[in-house]
Amino acid sequence: MEGRLRLGVNIDHVATVRNARGTAFPDPVRAALIAEAAGADGITAHLREDRRHIGDRDIERLMEALTKPLNFEMAMTEEMQAIALRHRPHAVCIVPERREERTTEGGLNVAQDENRVADFIAPLREAGCRVSLFIGADPAQVDSAARIGAAVVEIHTGAFCDAHHENHPEARDTELARIRDAATLAHSLGLEVHAGHGITYETVAPIAAIPEMQELNIGHFLIGEAIMQGLAPAISEMRRRMDAAREAV
Ligand code: PXP
């Protein structure tokens with residue numbers, strides 16, 4: 001067992017809600033500081049090419065404000081490489097990105113593009129960033145990641161989580177076994193093993209129980225749950241202010 005399992009909190013969807021109105025709130029940096037205070041071991045933010053949630057200024061502010069490591073999720077583009085080299089976050093997680101996708105749908109094809117990925121990560125490694133590659137639970141991808149000198153692989157848990165929530169127990173078990181096998185292989189090759197995507201209260205336990213796992217990155221479910229658990233106190237506070245204003249008249 002690899003010691004305490006770290007939790008990276010992805011705050012992208014705080015920015016999604018903010019951007020729906022074009023206001024300054026809810027502020028993802030404030031959410032990141034709350035996450036740190038609540039026990040997150042790191043913060044993850046994905047600066048997408050289309051800036052649909054996190055923006056460039058958010059990354060600057062996160063770099064200034066955080067006391068825990070920032071895991072900067074980025075596509076394999078020159079623009080993102082330049083931004084990462086300017087900020088030098090603790091970690092960069094390279095993800096495939098398609099403009100039309102709703103979220104990161106699959107893992108990087110490192111095996112097919114080994115030389116290109118190796119060239120792309122070289123300056124990031126030299127700049128001192130821990131390079132993580134977001135891959136499917138596939139031994140060929142793990143082998144390639146190790147060969148090109150990545151420090152970390154993050155295993156995509158989306159298919160497992162979807163199979164669980166869509167009630168397909170066989171697919172769920174198959175996907176879980178693939179994640180376990182990929183974690184074992186990655187660890188045996190000296191890679192640090194992370195996992196993420198789609199994780200919920202219902203799906204976290206079997207992933208967290210994988211002995212080689214060192215970090216989980218969780219976003220969408222946590223931000224949704226924060227709305228559900230935080231709505232009642234937010235309404236009470238608004239009620240209190242309304243009533244106080246009336247009493248003061
Ligand atoms: N890890 C990576 C590499 C991701 O791209 C994402 C989604 O942005 C996550 C973890 C978090 O996934 P979710 O928001 O579904 O918890």
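Numbering of ligands and ligand atoms starts at 1, following listing order.
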* Should Asn10 and Glu73 be marked as a side chain to side chain contact (heavy atoms under 4.5 Å, CB included) after you check the CA-CA gap, both sets of side-chain angles, and the distance that decides it? -> CA-CA 10 Å; Asn10 179 315; Glu73 256 188 60; 3.6 Å; yes
Name each donor-acceptor pair under 3.5 Å that joins a side chain in residues 223-230 to protein atoms two or more places apart or in another chain, with its distance.
{"residue": "Glu225", "atom": "OE2", "partner": "Gln229", "partner atom": "NE2", "Å": "3.0"}
{"residue": "Gln229", "atom": "NE2", "partner": "Tyr201", "partner atom": "OH", "Å": "3.4"}

* Asked: Is His220 atom NE2 crowded by more than 12 heavy atoms from other residues, nucleotides or ligands, each under 6.0 Å away?
  -> no
* To do: Grab the two heavy atoms, one from Leu5 and one from Met213, that are nearest each other, plus how far apart they are.
  => CD1-O, 3.5 Å
Check each N or O atom of ligand 1 against all protein N or O atoms and list the pairs under 3.5 Å, with atom names and distances to 0.1 Å, one per line.
{"residue": "ligand 1", "atom": "1 (N)", "partner": "Glu154", "partner atom": "OE2", "Å": "2.4"}
{"residue": "ligand 1", "atom": "5 (O)", "partner": "Glu73", "partner atom": "OE1", "Å": "2.8"}
{"residue": "ligand 1", "atom": "5 (O)", "partner": "Glu73", "partner atom": "OE2", "Å": "3.4"}
{"residue": "ligand 1", "atom": "5 (O)", "partner": "Thr104", "partner atom": "OG1", "Å": "3.3"}
{"residue": "ligand 1", "atom": "8 (O)", "partner": "Asn10", "partner atom": "ND2", "Å": "3.4"}
{"residue": "ligand 1", "atom": "14 (O)", "partner": "His220", "partner atom": "N", "Å": "2.8"}
{"residue": "ligand 1", "atom": "15 (O)", "partner": "Gly198", "partner atom": "N", "Å": "2.8"}
{"residue": "ligand 1", "atom": "16 (O)", "partner": "Gly219", "partner atom": "N", "Å": "2.7"}
{"residue": "ligand 1", "atom": "16 (O)", "partner": "His220", "partner atom": "N", "Å": "3.4"}

* Ile210 side, atom CD1; Thr184 side, atom OG1 - distance, nearest 0.5 Å -> 8.0 Å
* To do: Show your reasoning for whether side chain to side chain contact (heavy atoms under 4.5 Å, CB included) applies to Ile121 and Leu133.
  => CA-CA 10 Å; Ile121 67 173; Leu133 302 179; 4.3 Å; yes
